[in-house]
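So the structure is just underneath, and the comments pick up after that.
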Amino acid sequence: MAISYTAKAGQAVLLVARAGGDALNLDALQRLRDSLVAQVGSSGKVDFEQVDRVEEGTAALASAHYDVAIVSPVMPHAIEHSSSVLGRVLLALKPSGTLVLYELVLDTATTVEGPPITRTQQELEQQLKFAGFVEARVEVQAVSAEELLRVDAANGSTASATGRVLAATVLASKPAYNVGAAAALSFGKKAKAKAKELAVAPKKAWMLSVDSDDEAEIEDQDELLEEEDLAKPDAASLARPDGVPAKRKACKNCTCGLAEGRMVDESEECKPTDKPKRFTKPVDVVNIKSACGNCSLGDAFRCSSCPYLGQPSFKPGEKVVLGGSMLYDDFMP
Amino acid sequence: MEEERKLLILYGSQTGYAEDVARRISRQAWRRHFTAHVQALDEVDKKLVFTSSPVIFICSTTGQGEEPDNMKRFWRFLLRKSLPHDALSAMEFAVFGLGDSSYQKFNFPAKRLFRRLQQLGAHALVRRGDGDDQHYLGVDGQLDPWLEELWDVMLSKWPLPRPAVPDDVVPDPTFDVSFGGTQDPGVVVDDKCRATLVVSERITAADHFQDVRHLRFAIEEQDPLPAWGPGDCAVLRPCNLAADVNEFLATVGWTDRADEPLCIEPRSTGATLAWPVPSATLRWLCTNYFDIMGVPRRSFFEMLSYFAPSVEERDKLREFSSAAGQDDLLAYCMRPRRTVLEVLGDFPRTAPVIPLSYAFDVFPVIAERSFSISSAECPRAVDLTVAIVEYKTLMQRVRRGVCTRWLAQMPVGQTVAMRFARGTMRLPPAATPIVMVGPGTGIAAFMSFVQSRPGADNYLFFGCRSESKDFYYKEQLRQWAAEGSLHLFCAFSRDGPAKVYVQDRIREQARLLWSLVAEQGAVIFVSGNANRMPDDVRQAFADVVSMNNPQMSADDAQNYIARMVKDGRYQEECWY
């Protein structure tokens with residue numbers, strides 16, 4: 001049965017549905033349309049569009065024109081409204097306009113053979129948000145067996161989906177400002193003024209989904225790069241200006257010896273791993289034989305060949321004591 | 001009246017290098033009388049990004065030419081088809097990338113970002129800078145000249161209102177810190193769950209060199225039901241151990257007043273701590289906030305140099321923060337993984353005179369770590385598979401991972417704050433077969449996959465060194481195989497005369513895998529500790545394609561896999 005909606009006098013109403021085939025469906029749609037026409041009176045209007053034409057973009061919908069859009073109000077609600085349908089309906093609504101939409105949804109995230117129903121109530125809500133609607137309220141109720149049969153018949157399938165499909169009723173609004181509000185943008189010194197303008201200007205519709213982490217469609221990042229981006233710097237630009245050829249730099253976790261200045265076969269591929277060399281030489285700290293006098297100062301001041309490398313600083317003659325958590329085993333058995 | 005000179009500096013940083021560059025630029029900005037706001041790309045309010053100008057992006061490269069983890073979400077958002085072509089027409093921007101030209105995809109994240117920003121209508125202030133590790137000066141070889149160009153343009157558009165502050169003057173601190181706070185220190189409860197450790201068992205043999213743990217956390221009954229699914233991660237922020245905290249407090253001379261409540265006030269609007277902290281004490285900050293056991297970056301040495309009272313220490317600190325001294329800094333600090341605490345030990349005159357207010361500008365912050373959840377049965381039982389990090393460098397003390405060490409010593413019954421993050425791998429419907437390649441701890445996420453798909457067509461290639469020493473979850477995996485929930489293929493690299501790895505097992509199953517992929521639309525998942533494994537595994541699958549299609553060229557086989565990647569049928573989640 002058709003769900004009734006009471007329009008106000010003077011309103012412009014957009015009715016979107018799939019008319020055809022089912023005689024009961026056509027009948028109910030006609031009656032709904034008649035009652036809407038009566039409600040809006042002579043100062044209002046009721047326009048009807050086929051949902052398929054809205055989907056394809058062949059329906060000529062004026063922007064920001066309607067106070068209310070009623071979508072698929074009549075059984076069988078076997079249409080899953082795509083993002084392009086939702087988007088075009090949004091455009092057609094006036095700011096703060098109302099959407100009344102009906103759709104069958106899945107009870108749980110299971111796929112059902114038969115009618116083209118693939119989403120749950122939560123997914124429908126997400127799609128609405130993503131399309132730009134706000135204050136979406138979705139209520140679900142059980143679907144009658146009779147309607148299910150009609151859904152199946154309409155789609156030529158025989159599988160029954162009793163108990164796993166619900167009827168969702170949606171009430172949502174278009175945000176209270178217009179999409180695509182444009183301001184002349186200037187560059188250079190006025191960039192800051194522009195940025196300020198953008199900050200106070202009405203937010204654009206796409207900014208509404210800024211905080212959601214939805215699986216939105218994204219561009220192919222590999223297609224972003226141009227020829228010149230793929231170029232690599234040549235050896236000359238990497239070398240010292242005095243003409244010394246650019247030698248291969250040691251990796252941050254070098255194990256092949258390049259970092260220590262060993263001669264390395266340049267053609268050999270370096271395989272850095274996480275296992276740097278071990279330094280286990282015991283050292284005598286009481287009788288240090290220091291040529292530079294810096295051995296006690298700590299690694300920051302020691303020579304690269306200092307035998308005390310790796311040890312903390314110490315006072316000459318005093319035994320090195322490791323403090324903190326090295327005093328005892330901090331592992332639980 | 002002086003105009004507002006605001007600058008937004010956003011970074012994507014994997015190891016902290018790009019973040020450090022971003023902070024360095026913010027100090028340069030301060031010297032030129034700009035107010036800079038620095039933040040990671042994934043953490044900044046997107047609305048702020050879209051209404052700010054100018055914006056500087058610093059972006060490093062990780063893995064095989066991918067963007068760092070803390071800009072992945074932002075990048076996905078920026079790529080949305082629904083963004084109009086004038087979305088950023090009010091933005092003037094600059095991009096500097098950190099990369100290495102010995103890699104094929106040299107600086108690709110920064111290059112892609114630069115192009116996409118232009119596509120969305122933003123205007124570049126200067127050419128993109130491509131930092132290159134292969135330059136004889138490293139990344140600085142490109143960064144320093146690029147910064148000169150950037151400041152030239154910036155100052156011509158926004159001329160200095162008065163002379164710039166000289167380089168040897170310390171920038172203002174971000175916060176005012178003083179004693180006399182009134183509240184008790186406490187743990188901030190935000191969007192996190194309270195998780196209690198209930199199981200901590202070692203799953204490698206006692207004589208195996210590595211300690212790998214199976215940990216189970218139980219989420220508090222009173223907390224709302226956490227929402228996570230197979231493939232998702234538990235995110236933890238570790239703490240420092242009391243003995244290290246005490247040593248640190250003694251080194252910087254804060255022991256006496258360590259337990260007095262502090263008053264922490266931001267000095268400019270928009271300045272925030274890295275994460276919410278109650279009115280705390282120095283001891284609390286050193287335990288929970290400052291990464292005293294982490295490896296410091298260049299900025300740490302720059303900040304210390306402003307306070308060094310002795311000529312020798314100041315000169316050495318300046319050397320370590322100069323472009324010419326970066327090689328030495330690498331050898332001194334990064335390569336041996338020297339900690340903040342250990343560095344302070346080498347600068348005993350500077351350590352005790354670091355002003356309290358500068359603590360938040362000097363010391364790095366403890367970072368969160370993510371672990372793939374290896375359970376799937378119950379939302380309140382969170383299982384983790386954690387390899388405890390421990391290794392030797394030239395430092396006398398053994399190196400330990402801050403987070404894994406904290407977990408390893410955690411007693412059963414301790415409660416921690418935990419939050420959840422979505423993993424990147426997406427499971428297909430139960431009817432679709434999945435092929436999982438998860439050597440070592442890569443198996444963690446796959447445990448949750450199999451648990452959530454009992455009886456489905458699940459294929460797992462697992463690799464480790466030895467069947468008896470580090471075959472994690474051996475009993476559970478074999479039981480699943482016996483029950484028909486899993487087809488298991490194992491490679492034990494050190495058990496036999498020849499080294500066998502997962503990629504070898506993959507090639508052995510070429511016909512089976514081809515049938516799964518080409519005829520049943522199977523989805524392939526690869527997870528684990530990276531280095532060369534992901535490349536070797538991808539090559540193995542390309543070989544599988546070649547072996548079953550002899551007429552295909554090697555390039556075509558590679559393209560077949562590349563197409564699977566684009567279609568979401570070949571997914572990798574590897575950590576480098």
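Every chain is numbered from 1 and lettered A, B, ... according to where its sequence line falls, protein lines coming before strand lines.
- Atom NZ of residue B:Lys105 and atom CG of residue A:Asp222 lie 6.0 Å apart, to the nearest 0.5 angstrom.
- Under 4.0 Å is where a charged nitrogen must lie from a carboxylate oxygen, and between B:Asp132 and A:Lys232 no such pair does.
- Contact of the B:Phe108 side chain with the A:Leu230 side chain is registered, since non-hydrogen atoms from C-beta on lie closer than 4.5 Å.
- Ranked by heavy-atom pairs under 4.5 Å with chain B, the first of A:Gly87, A:Ala300, A:Gly298 is A:Ala300.
- A 4.5 Å side-chain heavy-atom check between A:Asp229 and B:Arg128 finds at least one atom pair inside the cut-off.
- For A:Ser313 against B:Gly345, the heavy-atom pair with the smallest separation is OG-O, 3.3 Å.
- Neither the backbone nor the side chain of B:Arg202 comes within contact range of chain A; no heavy atom of the residue lies under 4.5 Å from a heavy atom of that chain.
- Under the 4.5 Å side-chain criterion, counting only non-hydrogen atoms from C-beta, B:Lys566 is in contact with A:Asp220.
- For B:Phe347 and A:Phe301, the distance between ring centers is under 6.0 angstrom.
- Rounding to the nearest 0.5 Å places CD1 of A:Ile218 at 9.5 Å from CZ of B:Arg80.
- Using a 4.5 Å cut-off between heavy atoms, B:Phe320 touches chain A through its side chain atoms alone.
- Within the 4.5 Å cutoff, no side-chain heavy atoms of A:Asp299 are placed close to those of B:Pro336.
- Applying the 6.0 Å contact sphere to CZ of B:Arg399 captures more than 12 heavy atoms from other residues, nucleotides or ligands.
- A salt bridge links B:Arg115 with A:Glu228: at least one charged nitrogen is closer than 4.0 Å to a carboxylate oxygen.
- Interface remark: B:Phe301 contributes no atoms to any contact with chain A (heavy atom separation under 4.5 Å).
- Here the shortest heavy-atom pairing between B:Gln119 and A:Leu224 reads NE2-CD2, 3.3 Å.
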